[in-house]
2 protein chains.
Amino acid sequence: MSSPAVSSRDLPHPACDEIRLEGVLHALSDPMRLRIVRELAGVTGELSCSDFELPVTKSTTTHHFRVLRESGVIRQVYRGTAKMNGLRRDELDELFPGLMAALLDAAARQAASPGD
Amino acid sequence: MSSPAVSSRDLPHPACDEIRLEGVLHALSDPMRLRIVRELAGVTGELSCSDFELPVTKSTTTHHFRVLRESGVIRQVYRGTAKMNGLRRDELDELFPGLMAALLDAAARQAASPGD
DNA sequence: ACCGTACTACGATGCCTATCGTACGAGTCG
DNA sequence: CGACTCGTACGATAGGCATCGTAGTACGGT
């Protein structure tokens with residue numbers, strides 16, 4: 001099968017009105033998580049956790065994805081053995097218009113700056 | 001005297017190219033500091049540390065202002081016994097265009113939302 | 001010189017968190 | 001069923017941090 005069905009085990013996500021700006025900023029203030037979010041923003045579909053090549057162990061990776069999900073930045077769903085991740089872009093844009101765009105642009109600028 | 005001179009004791013500030021996005025986000029991910037920044041953004045001039053009425057002790061207030069300064073979000077200068085604080089808005093705008101505007105707008109929306 | 005105000009320095013405390021390793025559960029494929 | 005992959009859970013560890021209280025420094029005014 002090329003596209004396994006969504007598994008029954010689903011994960012808790014905060015509702016839109018439970019997403020706190022402080023939580024989002026805290027989630028993005030970690031270099032590893034900012035990197036994950038930038039990568040997610042750069043593709044159209046979803047990415048599995050193992051699509052990321054991060055310089056940390058799998059346990060730590062799991063931890064970072066959970067922080068992102070619990071802060072409301074990403075949405076996660078099981079598809080087979082894989083756990084697919086997607087930015088909650090639409091919801092965040094409605095909650096905080098222009099914020100994600102400005103953040104992603106800022107991250108891109110910093111990554112392109114000579115100091116990097 | 002209505003406007004005492006700037007004191008000789010000056011404080012270390014990061015240069016523009018030393019300001020890290022992660023550091024700025026971390027600084028703003030604390031409710032107390034976000035509140036300080038929002039207040040600073042709402043006035044034209046500078047504010048002394050004691051102009052803020054925060055529900056923490058002065059030691060803790062000092063700590064928060066230092067975090068904001070060391071992350072590059074605010075500029076601090078002694079004027080007499082007072083320590084004046086101002087947003088580094090121009091520099092941040094050049095570094096990360098639109099970021100502060102989006103952040104302040106997001107904070108304002110959250111503060112105006114029913115959940116608050 | 002003295003006092004009061006504004007802010008700091010330092011130590012303590014309790015909590016949070018980024019990281020790891022190992023052991024385990026869920027699903028897919030042979 | 002059995003092997004393999006993906007991701008989780010749990011415990012440990014080390015470091016960071018928000019908070020406080022107390023003692024101290026710098027400056028301005030009397």
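Order of the sequence lines sets the chain letters (A, B, ...), proteins ahead of strands, with each chain counted from 1. Since this is a predicted model, take the numbers as computed values, not measurements.
Regarding B:Phe65, its CZ atom lies at a distance of 15 Å from the P atom of C:dA9, rounded to whole Å. Rounded to an integer number of Å, the gap from CZ of B:Arg69 to P of C:dC7 is 13 Å. Atom CZ of B:Arg66 is separated from atom C1' of C:dC10 by 11 Å (rounded to the nearest Å). At whole-Å resolution of the value, CD in B:Glu22 and P in D:dG16 are 16 Å apart. In this entry the distance linking CG of B:Asp10 with P of D:dC27 reads 12 Å, nearest Å. D:dA18 atom C1' lies 13 Å from atom CG of B:Leu54, rounded to whole Å. The separation between B:Tyr78 atom OH and D:dT25 atom P is 14 Å, rounded to whole Å. Taking atom CG of A:Asn85 as the reference point, atom P of D:dC6 lies 14 Å away to the nearest angstrom.
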- Note on the structure: A correct 5'-to-3' footprint of nucleotides 16-25 of chain C, with B, S and - meaning base, sugar-phosphate only and no protein heavy atom under 4.0 Å, is -SSBBBB---
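Residues B:Leu28 and B:Arg33 fail the side-chain proximity criterion, which asks for heavy atoms closer than 4.5 Å.
A donor-acceptor pair is defined here as one N or O able to donate and one able to accept, closer than 3.5 Å; no such pair exists between the side chain of B:Glu91 and the backbone of B:Cys16. With A:Thr61 contributing its side chain and A:Thr57 its backbone, the two residues share a donor-acceptor pair below 3.5 Å. The backbone N or O of B:Ser48 sits less than 3.5 Å from a side-chain atom of B:Asp51, completing a donor-acceptor pair. No side-chain donor-acceptor contact under 3.5 Å links B:Gln110 to the backbone of B:Ala107. For A:Arg69 (side chain) and A:Pro12 (main-chain N/O), a donor-acceptor pair under 3.5 Å exists by modelled atom type.
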- Item | Pair assignment for DNA chain C - dot-bracket with | for other-strand partners, Watson-Crick or G-U under 3.5 Å | ||||||||||||||||||||||||||||||
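Side chain to side chain, B:Ser59 and B:Thr62 fail the donor-acceptor criterion of an N or O pair below 3.5 Å.
One finds no side-chain N or O of B:Arg79 lying less than 4.0 angstrom from the OP1 or OP2 phosphate oxygen of D:dC27.
If you take CZ on B:Arg109 and CG on B:Asp105, they are separated by 4.5 Å, rounding to the nearest 0.5 Å. Once rounded to the nearest 0.5 Å, the distance linking NE2 of B:His13 with CD1 of B:Ile19 reads 10.0 Å. Going from atom CD of A:Gln76 over to atom CG of A:Leu68 covers 8.0 Å, rounded to the nearest 0.5 Å.
Across residues 39-52 of chain B, B:Ser48, B:Cys49, B:Ser50 each have a non-hydrogen atom less than 4.0 Å from an atom of DNA chain C (numbered order).
Using a 4.0 Å cut-off between a side-chain N of Lys or Arg and a carboxylate O of Asp or Glu, A:Arg79 and A:Glu46 qualify as a salt bridge.
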